[in-house]
Amino acid sequence: MDLIITQELARARNQQDATALRRAYELIKSANLGKSELDPTESFSPDLFVLCAEQALKMKEPEISEDCIQMYFKVKAPITQFLGRAHLCRAQLCAPQSEENVEEFENCVTQYMKAINFAKGEPRYYFLVFNASVLYWNMVRPFLKPGYHHLVIPSLSQIITVLNQTEEEDKEWRAELMLELLECYLQAGRKEDATKFCLTAAPFVRTQVPHKYRQMFSTMVRYEVLDDLMLREDKQQSIILSITYHINSLKAKLDKNNLPENLEQILRKMYRDLSQYHDQHVPTIREEKILLLFELGRLCLTLKNEPIASDCLQYLKKMETEDTGKLLEMEGLECELDALRLGSKLKMYLRGAVEEQLLIIKRMDNILQRAIRLGNPTTIHVLCTAQWNICLPLLQHNLRHHLRKPLTNIAEILEKVDSLMILLRCQVHMEMAYIEQDDDRVEPAIEHMQKAMRLDSLGIYRDKIKITYRRLQLGTMLYQSPDRPEDKATMAIEQAKKATPKDSARKKRAILVNAGLALAPDTFQIVLDSENESKVSIGKIKGRFTYLCAKARHHILSVDKAAGHLRRLGYENDKDRIVIWAELAKVAWQQDVWDVCRTASRFCLLYDNVKAKRSTKLKRGRKKKVIEGSMSDWAPSDMAMHKQMPPDLLRKIAKVLFISAEVGFVAFEVAEQV
């Protein structure tokens, strides 16, 4: 019986024969029930349960594998290596399908730890510890995303501890896992744990896997994991570590916006030391120099230092590497340099500069296509990042339609390789959604926003995505009327955007007024009528200044109603309303509907914490005289509240302030003419 089943499993393994696997499974199942067609009394090895389960997993037959494992654990099998292998099969069967399935992840980790704890007690089973660590690492990859690293730390640290206890011979694998655990600590904000871990991990990597140590050293310097004196001692060991130290030290200072004054000298010295360094006794020195030249060149691009970045590129070309991936990265670096050289011309969006930038993007897209054919993940990620950086200046409303193809290519290739550059992928999909929205392609825009929503694991763009996604959804509701006032206003604004030059000013204004009434049905019309002279009542007394006085009183009383609206409403859906009021003001400004624009601006600026609180204090009166609008007029709490407001909303309010100033000037000109 065992021989026949073994032969069927061998046929299934060698020929990928699903029929042979099914026959082996049926024989095992029959034998387990004591109903073997061959000989019911013949002995049957429980190991075959596990062998069949493993083969079923490889051939993507999870039902067969699950059943075999369940049968194995029901029989009283001897304690052998197959017990550990059964736990590994069960772990693979319950692997989570996405990072959102935390409960499945914990259950899966439990199975892996059962296999590891079983194997670590017997030297002949140590190979199972290594196998489990490899399978575990493949499973855990979806959780190596922002916001999920903390889930990986407990199990990964245990696995590394066991690999050290069993003295796993593959030291490079151990070093790789150590580097990943260090990254998890830092991404999870556990810097103290990272420091303790590096005290033991760093010496191991430095002595046992020296070619990996520069990577660990870079991380320790960049995030200031160890004491600076200890890091400075390490950098004295070689020029490579010294330059690595200075590069990552500058990156850390750049993150804090605290760059040194002698930055140019530091960069120039690093390039000079690197270009003059030659050491034939170190076999990997050429590769290390190439990597550092790329790193220094990209840092100089970030710091807008074109001369040294150009020197790095020229030196890389002289080294004449045969690595196709590095050659493509050189071409990408050259494209970034060409884009940097456009400088102020591109900032002014001169026609020639924009056209040249588009040509650079096209070149970069061709390079990226060659990288895709090469299939090197590192090269693909580097070039995708470079292409995104080059595209950034052209992500303007009237220019971004040129970027549909390059951004689509970035999104597709990063999705294909299941890239962990989550933030970049999220940003690309958001911009693609805006491009599709500009062309009234609602369904593709919704798809891109859904992908961006899934990728925004830290919630950095949650509000922005939610508002845009809701607006797109409303665009599909042709024959439905939404319940929320915010949605009604959004639909009215979207309708106003589609107005043609042939539409009358009265029609445009009516639509915009409807949007305002949806948001503030109690006060919008009153505030809007503050500019309506027909609503001014002068009474029976007539004098030279009576009408002007009555007009001013009417304006003040009407405008003051806006603050009452916010007090009654509170800060319910405040983020949504800021965006909608700002959009209404912008559309009214574009269509020259000035009174609606001024009124919408007024309602939007009610949410400006600093202005609202300051005006309240001014009404109460102060004994101390200060210049209105000066920094001394802002309380610390006001400043703190402003800092708490998301940057996107602050930008919206700033734009509305500019619009408000412009339409106020228009009103002043009209008054002067009258």
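Everything quoted here is computed from the prediction, not taken from an experiment.
Minimum heavy-atom separation, F105 to V152: CZ-CA, 4.4 Å. For K575 against I467, the heavy-atom pair with the smallest separation is O-CD1, 4.1 Å. Taking all atoms of both residues into account, the shortest heavy-atom contact from C384 to I410 is O-CD1, 4.0 Å. Minimum interatomic distance between I380 and I413 (heavy atoms only, all atoms of both residues): CG2-CG1, 3.7 Å. Here the shortest heavy-atom pairing between L144 and C184 reads CD2-SG, 3.9 Å. Across every non-hydrogen atom of D456 and R462, the tightest pair is OD2-N, 3.0 Å.
Counted within 6.0 Å of NZ on K655, heavy atoms from surrounding residues, nucleotides or ligands total 12 or fewer; the atom is thus considered open. Within 6.0 Å of atom CD in E355, more than 12 heavy atoms from other residues, nucleotides or ligands are found, so the atom counts as buried in its surroundings. Remark: Q396 CD is packed, more than 12 non-hydrogen atoms of other residues, nucleotides or ligands lying under 6.0 Å away.
Residues E356 and D338 are not in side-chain contact: their nearest non-hydrogen atoms beyond the backbone lie 4.5 Å or more apart. Side-chain contact between W589 and L584 is absent, with no heavy atoms from C-beta onward closer than 4.5 Å. Between R602 and F524, every side-chain heavy-atom pair lies at or beyond the 4.5 Å cut-off.
Under the 3.5 Å distance criterion, with hydrogens and angles disregarded, a donor-acceptor pair is assigned to the side chains of Q187 and E183.
Using a cut-off of 4.0 Å between Lys/Arg side-chain N and Asp/Glu carboxylate O, E99 and K145 are scored as salt-bridged. A salt bridge does not link D595 with R598: every distance from a Lys NZ or Arg NE/NH1/NH2 to an Asp or Glu carboxylate oxygen is 4.0 Å or more.
Residue pairs meeting the salt bridge (charged side-chain N to carboxylate O under 4.0 Å, His left out) criterion with at least one member in residues 486-497, sequence neighbours excluded, are R470-D487, R471-E494, R484-E486, R484-D487, E486-R577, E494-K497, K497-E583.
Ring geometry for F603 against W581 counts as parallel: the plane angle stays under 30°, on a 0 to 90° scale with 60° as the upper cut.
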